[in-house]
Protein chains: 2
Amino acid sequence: MAEPTGAERDAGPESGLEPESGPARDAEAVSKFVESFAAQLVEAGMQRMPARVFAALLSSDSGTMTSVELGEQLRISPAAVSGAVRHLAQQHMVAREREPGSRRERYRVHSNQWYEALTSREAVIKRWEYALREGVDSLGGDTPAGRRLAETLAFFEFVDDEIARMMDRWRVHREERFGGG
Amino acid sequence: MAEPTGAERDAGPESGLEPESGPARDAEAVSKFVESFAAQLVEAGMQRMPARVFAALLSSDSGTMTSVELGEQLRISPAAVSGAVRHLAQQHMVAREREPGSRRERYRVHSNQWYEALTSREAVIKRWEYALREGVDSLGGDTPAGRRLAETLAFFEFVDDEIARMMDRWRVHREERFGGG
DNA sequence: CCTTAACTTCACAAGTTTGTGAAAGTAACG
DNA sequence: CGTTACTTTCACAAACTTGTGAAGTTAAGG
């Protein structure tokens, strides 16, 4: 083996599991948060493994974890990590980085990145708008149903625009309150 | 039988199915919109039957349909209608009304109501905030992870507030553009 | 108060999703 | 250029979901 034993990075003095060991980082507290936050994300419609991986990354000190670390924290197979990360990367909720001089990858939450991803359900809304426009056309804008669809469409157009402005304001607000990042 | 045959309200001259019959309301066009809009809602994470029922209601002229009408339009069993409506009612996306002097119920989309429901993922966001607050407390607000969680929390608090304002603006905008309703 | 229309609940079969172990692919390092 | 650490893909079993028919419940109308 080229490296010690791998995966000893966070483990340190964590052999016994006394409730109150509380060294640098209390693994139990972290795990409790990870699982409860992930559960809420799942309730809101996110898939389980992506939610758990995401929560784990969010509560790591560096904001990055390797595949092995994720597997240990969450007690899941490398295959499950791989699938979850692929999903999250597609949604732009995590970035993948190659650790230089190693064959490990690290996965990272860019805080910024994920706010944007969350609010920019853009693609989704655009498709709703498209379907609604088709509906207005085919049912006729002068029928009661057509008018209802047109109004719904107007609502989404409005929301679209407003959300973009809101995110501009957030960036300012955030800068003031938390500085760079 | 007390009433004609029930469910003859929309059917009218719709016996044959020539592509171009286009009388009062082209059943085929309606169905096409219903299914395509429902499909988009499903993509976005909504369950199938609720999505289809919702789309059907949205594209009805009166904004209301009975259980039988929904069953016929969507070709699903009364049980499926019942389940879907229960789901939608819980989310405040449809209202149930008893048709006076009959044992039928009618289900209605209040256009308003559903905008509110869609944006007021409130309950969801509140629970995220709660979980995040717990996380900040247990990991410590002075740790890097704690700071990340605190910032995420701040983001949701910001969004919460902004969405409320946005909906106020929408009500005004809507009033101007579409009048009462 | 009995009959019956309308809705709901329930148990289950069919279909879909999820996470795994094993095998295959990729790239760092000697 | 072979070896080995790491990641991804794949086929499948287990778990969960979904929609149905049938039985059960509620309440309108006689």
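Owing to the predicted nature of the structure, the values given are computational and were not obtained by experimental measurement. Quick note on labels: first sequence line is chain A, next is B, and so on, each numbered from 1.
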Identify whether any heavy atom of B/Arg96 sits under 4.0 Å from a base atom; if not, whether one sits that close to sugar-phosphate; answer base, sugar-phosphate or nothing.
-> sugar-phosphate
Rounded interatomic separation in angstrom, taking CD from A/Gln47 and C1' from D/dC16 = 14 Å
Tell me, yes or no, whether the heavy-atom count around A/Arg98 atom CZ, taken from other residues, nucleotides or ligands under 6.0 Å, exceeds 12.
-> yes
How many Å lie between CZ on A/Arg48 and P on D/dA15, as a whole number?
-> 12 Å
Sugar-phosphate, base or nothing in reach of A/Gly101, heavy atoms under 4.0 Å = sugar-phosphate
Of A/Val81 and B/Ala79, the one whose nearest nucleotide on DNA chain C sits closer to the 5' end is B/Ala79
NE2 of A/His87 versus C1' of D/dT7: gap in Å, rounded?
-> 19 Å
Whole-Å distance between C/dT20 C1' and A/Met49 CE?
-> 11 Å
Please state whether the phosphate of D/dT7, meaning OP1 or OP2, lies under 4.0 angstrom from any side-chain nitrogen or oxygen of A/Ser67.
-> yes
Got a sec: does the CZ of B/Arg127 have more than 12 other heavy atoms crowding it under 6.0 Å?
-> yes
Specify the residue among A/Ile76 and A/Arg98 whose closest nucleotide of DNA chain C lies further upstream toward the 5′ end.
-> A/Ile76
Which atoms form the tightest heavy-atom contact between B/Trp128 and A/Ala44, and what is the distance?
-> CZ2-CB, 3.5 Å
Expressed in angstrom and rounded to an integer, what is the separation of A/Arg106 atom CZ from D/dC6 atom C1'?
-> 14 Å
Ignoring backbone atoms, establish whether B/Arg86 has a side-chain N or O less than 4.0 Å from OP1 or OP2 of C/dC7.
-> no
Presence of B/Arg103 side-chain N/O under 4.0 Å of C/dT4 phosphate oxygens OP1/OP2 | no
Expressed in angstrom and rounded to an integer, what is the separation of B/Leu74 atom CG from D/dT18 atom C1'?
-> 15 Å
If we ignore angles and hydrogens, is there a donor and acceptor under 3.5 Å between the side chains of A/Arg106 and A/Thr64?
-> yes
Separation of D/dT4 C1' from A/Arg104 CZ (nearest whole Å) = 14 Å
Do B/Val42 and B/Val94 share a hydrophobic cluster (ILVMFWY, side-chain heavy atoms under 4.5 Å, transitive)?
-> no
Among C/dT20, D/dT9, C/dC7, the one nearest any side-chain atom of B/Tyr107 is C/dC7
Separation of D/dT26 P from B/Glu99 CD (nearest whole Å) | 22 Å
